[in-house]
Novice: 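One structure coming up, written as structure tokens, with questions to follow.
A note on names: the letters A, B, ... follow the listed sequences, proteins ahead of strands, and every chain is numbered from 1.
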Amino acid sequence: MTKKDILSRPRGTRDFDPKEMAIRRAVEGIFREVFETYGFQEIMTPTFERAELFIEKSGEQVLEEMYFFEDKSGRKLVLRPELTLPTMRFYFSELRALQKPLKLYYVSNVFRYEEPQKGRYREFWQIGCEIIEGDPKRTLIEGLDIVREILSRFKILEMCEIKLGNVSIVRKILKLLGIQDDRRIIRAIDKDDIDTIKSLTTERQFKIIEMLIKTDIEGLKHELPELSNELKEYERLISELQNLDIPVKGDLGITRGWDYYEGYVFEVYAPWLGAEKQICGGGFYDLSDVFEEEKITTFGFAFGLDRLIDALKDANKLPEVPRRKSVYVVSLSDRGFSIAVKIIRKIRKKGIICNLDTRKRNMRRALEYALENDYDVMLIVGDRELDKGVISIKDLRKNVQEEVPLKGVVEYVINILRR
RNA sequence: GCCGGGGUGGGGUAGCCUGGUAAAUCCUGCGGGGCUGUGGACCCCGCGACCCGGGUUCGAAUCCCGGCUCCGGCCCCA
């Protein structure tokens, strides 16, 4: 293990410097505000879970894409690859007594063992929510309205696409065509892979699946009259959402993780991101079999924080990071330093960002430092001042300096910062 | 798992094709000084790097092989 090895990060992980963190916190803050104004409450679940929680649904092979390990007593564990299953586990084990609809949100890191590339990391952050129990139609409208609000707060609503599909309809169509849960076809539908579909289907099946991909509702209604009620409802819902200024587009080709989704599903795209342009996805799901519980209405979605931030950067729509007023204190002697510590304590108590020179810089460099780092005020605690019982206070914005008696310093500083 | 392009001080780079003078360019950063206590300037000094391992060669940052890793594209995506 060389020094270089020790200094390198695990593949697919990132460090965030102060500048980046300020952006992330600002973005996160907007999410929190929207979720809370919509009546959601925050939860947090463990970073790792029993592997069985995730295997139960999709089988052992999903371990391939997860960080899997055993603890000292041989318990099989994984770093969580998503947050819907942990949230529902939490719900069924401890939260079921809470009143419904239960609206929960989370901001958490998740882990997937995949090849990193643009917009894909092995550790990334999801901000999402779940709505547990409620009328499905109202839940969908409420859910998509939050998505609309979030996109609107970030000023990218008009630039994004929200596509609404329905995996139950897709499933029924395939069943009516005599195709039984064929993952290859479903995958091909998701990717608009016409050639694969053609090679796997008869002429009539192909014709109808093509209608499905194109979301040709009229054509489907004509070919599959058994489904006309559901298709009509789908159309009606889309136009209702549009009337509510939620710009969804119907797209029956959206299949998402076929495994637990059921009913309406949606995805949000930021088309300017290229290959990995999906920034949000979700829908209704059914985990009753995993937890051996009665079926209840559950809906959720998650934004990929990292991708959203990429999208905001590329579109030049990053939220403003609020700037706080700040004070820099320079002391030119050890005697001055201990006086400075006492003064700075009082200023900090007022909630003002305050820093002091702990490097023994000379006056010139200290001033340069304060200016380069955008401080508003600089206090000079030097022997010359202390002999007179004062402190020099420099307004760095106006470039004026005054000597102020020790007792009046805090008030004087606050006064300058108020301007 | 596959394909393509990269990895040179803390950050950004030149050098690589066409190996060679004492092992490296420029910008920036950082520290100090000029200026013994005051404006981001300027000047000076200092700090600091060829991803790792093998090979070819008298000689490798440079060429070859392998690995790691980063970027991008596939595959996959609970």
Novice: Would you mind classifying the nucleic acid contact of A:L396 as base, sugar-phosphate or nothing, using non-hydrogen atoms under 4.0 angstrom?
Specialist: base
Novice: Given the P atoms of B:C26 and B:G67, what is the spacing between them in whole Å?
Specialist: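 After rounding to an integer number of Å, I get 37 Å for this pair.
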Novice: Pairing check on B:U62: which nucleotide meets the Watson-Crick or G-U wobble criteria with it, both distances under 3.5 Å?
Specialist: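 Check on B:U62: unpaired, no WC or wobble geometry under 3.5 Å.
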Novice: Without decimals, in angstroms, what is the distance between A:Y113 OH and B:G1 C1'?
Specialist: 12 Å
Novice: Starting at the 5' end of RNA chain B, which residue's closest nucleotide do you reach first, A:R120 or A:D395?
Specialist: A:D395
Novice: Please give, in whole Å, the distance from B:C51 P to A:R11 CZ?
Specialist: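 In whole Å, B:C51 P and A:R11 CZ are 19 Å from each other.
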Novice: Does the structure show a Watson-Crick or G-U wobble partner for B:C42, both distances under 3.5 Å? Name it, or say none.
Specialist: B:G34
Novice: Do A:W125 and A:F16 have ring centroids that are under 6.0 Å from one another?
Specialist: yes
Novice: Say whether A:Y105 and A:E36, considering side chains only, have a donor N or O and an acceptor N or O under 3.5 Å apart.
Specialist: yes
Novice: Along nucleotides 31-38 of chain B, 5' to 3', which nucleotides get a B, which get an S, and which get a -, given that the test is a protein heavy-atom distance under 4.0 Å?
Specialist: SBBBB-BB
Novice: Between C1' on B:C71 and CZ on A:R14, what's the gap in Å once rounded to a whole number?
Specialist: 14 Å
Novice: Mind calculating the distance between CD1 (A:I186) and P (B:A78) to the nearest angstrom?
Specialist: 11 Å
Novice: In whole angstroms, how far is the C1' atom of B:A78 from the CD atom of A:Q126?
Specialist: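 Whole-Å distance recorded here is 10 Å.
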Novice: What is the distance, to the nearest angstrom, from the CG atom on A:L273 to the P atom on B:G72?
Specialist: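 Rounded to the whole Å, the gap is 11 Å.
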Novice: In whole angstrom, give me the gap between the C1' atoms of B:G48 and B:G66.
Specialist: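 Per the computed distance, 30 Å lies between those C1' atoms.
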Novice: Measuring only the P atom in each nucleotide, how far is B:C63 from B:C76? A whole number of Å is fine.
Specialist: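 Going atom to atom, P in each nucleotide, I get 36 Å.
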Novice: Between B:G5 and B:A61, how far apart are the P atoms? Round to whole Å, please.
Specialist: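 It comes out at 23 Å once rounded to the nearest Å.
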Novice: Both distances under 3.5 Å, Watson-Crick or G-U wobble: report the partner of B:G4, or none.
Specialist: B:C71
Novice: Who passes side chain to side chain donor-acceptor pair (under 3.5 Å) against A:K175, sequence neighbours left out?
Specialist: none
Novice: Please check if atom CD in A:E411 has more than 12 non-hydrogen atoms from other residues, nucleotides or ligands closer than 6.0 Å.
Specialist: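 Not buried by this count: 12 neighbours or fewer within 6.0 Å.
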Novice: For the pair A:S333 and A:R335, evaluate side chain to side chain donor-acceptor pair (under 3.5 Å) and give the outcome as yes or no after the intermediate values.
Specialist: CA-CA 5 Å; A:S333 66; A:R335 174 161 71 119; 5.2 Å; no
Novice: For the C1' atoms, the ones on B:C47 and on B:U38, what distance do you get once it is rounded to whole angstrom?
Specialist: 27 Å
Novice: Check side chain to side chain donor-acceptor pair (under 3.5 Å) between A:E56 and all other residues, then give those that pass, not counting sequence neighbours.
Specialist: none
Novice: Check the side chains of A:E262 and A:Y260 for a donor-acceptor pair under 3.5 angstrom, ignoring hydrogens and angles.
Specialist: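 No pair is found: no donor N or O on one side chain lies under 3.5 Å from an acceptor on the other.
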Novice: Sticking with atom P, work out how far B:G34 lies from B:G72, rounded to a whole angstrom.
Specialist: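 About 48 Å, rounded to a whole number of Å.
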Novice: Whether A:R112 contacts B:A78 is assessed here as follows: a side-chain N or O lying under 4.0 Å from the phosphate OP1 or OP2. Is that the case?
Specialist: no
Novice: Write down the distance separating the C1' atoms in B:U18 and B:U62, rounded off to the nearest Å.
Specialist: 10 Å
Novice: Check every strand shown and say whether A:G336 touches a base, only sugar-phosphate, or nothing at a heavy-atom separation below 4.0 Å.
Specialist: nothing
Novice: Rounded to whole Å, how long is the line connecting atom CZ of A:R122 with atom P of B:C70?
Specialist: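 Distance, rounded to whole Å: 8 Å.
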Novice: A:F284 and A:Y261: ring pair (Phe, Tyr, Trp, His ring centres under 6.0 Å), yes or no, with the steps?
Specialist: CA-CA 6 Å; A:F284 291 96; A:Y261 283 99; 9.6 Å; no
Novice: Within the structure shown, what part of the strands sits under 4.0 Å from A:E65 by heavy-atom distance: base, sugar-phosphate, or nothing?
Specialist: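 Result for A:E65 = base.
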Novice: For B:C47, give its Watson-Crick or G-U wobble partner with both distances under 3.5 Å, or none.
Specialist: B:G29
Novice: For B:G15 versus B:U21, give the span between their C1' atoms, rounded off to a whole number of Å.
Specialist: 15 Å
Novice: Report the distance from atom CD of A:Q117 to atom C1' of B:C77, rounded to the nearest whole Å.
Specialist: 10 Å
Novice: Going by atom types alone, do A:E130 and A:T84 pair a side-chain donor with an acceptor below 3.5 Å?
Specialist: yes
